[in-house]
Amino acid sequence: MPVDFNGTWNFVRSENFESYMLALGIDFATRKIANLLKPQKVIKQEGDSFSISTTSTFRNYFVQFKIGEEFDEDNKGLDNRKCTSVVTWDNDKIVCVQNGEKRNRGWTHWIEGDELYLELCCEDQISRQVFKRG
Ligand code: 1AG
């Protein structure tokens, strides 16, 4: 059975998010607010087609992609830098490479039990977020 990311996922905890935002050049005030958020993710998956909507009381972010197909990402409301992104399978993980101005930028999602993990990378920083099925 292939992994099924479909569902509503509620924020539980994060690690090193401040350093990840610093690596992206996010300003002080925005970081202070962003650090307090408990975002919710709604993931829709149909085969290799995904949409991921991340919502919070401050900003929302929506991305959709098909595994293996490059797409233009604008990171609107985040750092607003444009990337050429592509998501691939690594066993049961989905791995996004975000090619652009920032070195080593991307993220990985995977599921462990009823938890969704998100690892965010930028330059030398890795932040991890954990969500629980709603
Ligand atoms: C995301 O990407 C994007 C949403 O999950 C949050 C993750 C990282 C935030 C990125 C940069 C920080 C920039 C600005 C901080 C301001 C607001 C934070 C808003 C958080 C809620 C939207 C992975 C996703 C796949 O595409 O799950």
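Residues take their numbers from the sequence shown, with the count starting at 1. Counting convention: from 1, in listed order, for ligands and their atoms alike. Side chains are part of it too, since the values below use all heavy atoms of this structure and drop only hydrogens, waters and symmetry mates.
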I need the Gln98 CD to Cys121 SG distance, nearest 0.5 Å. 9.5 Å
Among all protein heavy atoms, pick the one closest to [atom] and tell me residue, atom and distance.
| atom | result |
| --- | --- |
| atom 24 (C) of ligand 1 | Lys41 NZ, 3.8 Å |
| atom 3 (C) of ligand 1 | Leu78 CD1, 3.6 Å |
| atom 12 (C) of ligand 1 | Met21 CG, 3.8 Å |
| atom 2 (O) of ligand 1 | Leu120 CD2, 4.1 Å |
| atom 20 (C) of ligand 1 | Leu37 CD1, 4.2 Å |
| atom 13 (C) of ligand 1 | Ile26 CD1, 3.4 Å |
| atom 26 (O) of ligand 1 | Val63 CG1, 3.5 Å |
| atom 25 (C) of ligand 1 | His109 NE2, 3.5 Å |

Specify side chain, backbone, both or neither for [X], according to which of its non-hydrogen atoms lie closer than 4.0 Å to ligand 1.
| X | result |
| --- | --- |
| Ile33 | neither |
| Arg31 | neither |
| Leu118 | side chain |

Look at atom 15 (C) of ligand 1 and find which of Ser56, Ser51, Ala34 reaches it with the closest heavy atom. Ala34
Within the 4.5 Å heavy-atom criterion, are Asp92 and Trp110 side-chain neighbours or not? no
Side-chain contact, heavy-atom cut-off 4.5 Å: Arg128 with Asn16? no
Could you tell me whether Asn60 and ligand 1 have an N or O pair separated by under 3.5 Å? no
I'd like to check whether Arg59 has a polar contact with ligand 1, where a contact means an N/O of the residue lying under 3.5 Å from an N/O of the ligand. no
Of all the atoms in ligand 1, which lie at a distance below 4.0 Å from a heavy atom belonging to [X]?
| X | value |
| --- | --- |
| Tyr20 | 8 (C), 10 (C), 11 (C) |
| Trp107 | 23 (C), 25 (C), 26 (O) |
| Leu24 | 11 (C) |
| Ile52 | 25 (C), 27 (O) |

Asn6 side-chain N/O to Gln45 backbone N/O, donor-acceptor pair under 3.5 Å: yes
Quick check against the 3.5 Å criterion: does Asn75 have a side-chain atom that pairs as donor or acceptor with the backbone of Asn80? no
Test item: side-chain donor near acceptor, Thr54 and Lys41, under 3.5 Å: yes
Mind checking side chain to side chain contact (heavy atoms under 4.5 Å, CB included) for Arg31 and listing every partner two or more places apart, or none if nothing turns up? Glu18, Met21, Leu22, Ile26, Phe28
Take a 6.0 Å sphere around CD of Glu112 and say whether it holds more than 12 heavy atoms from other residues, nucleotides or ligands. yes
Parallel, tilted or perpendicular: which fits the ring planes of Phe50 and Phe5, with parallel below 30° and perpendicular above 60°? perpendicular
Heavy atoms only: give me the nearest Ser85-Glu73 pair and the separation to one decimal. OG-OE1, 2.8 Å
Do Leu118 and Ile67 belong together in a cluster built from hydrophobic side chains that touch within less than 4.5 Å? yes
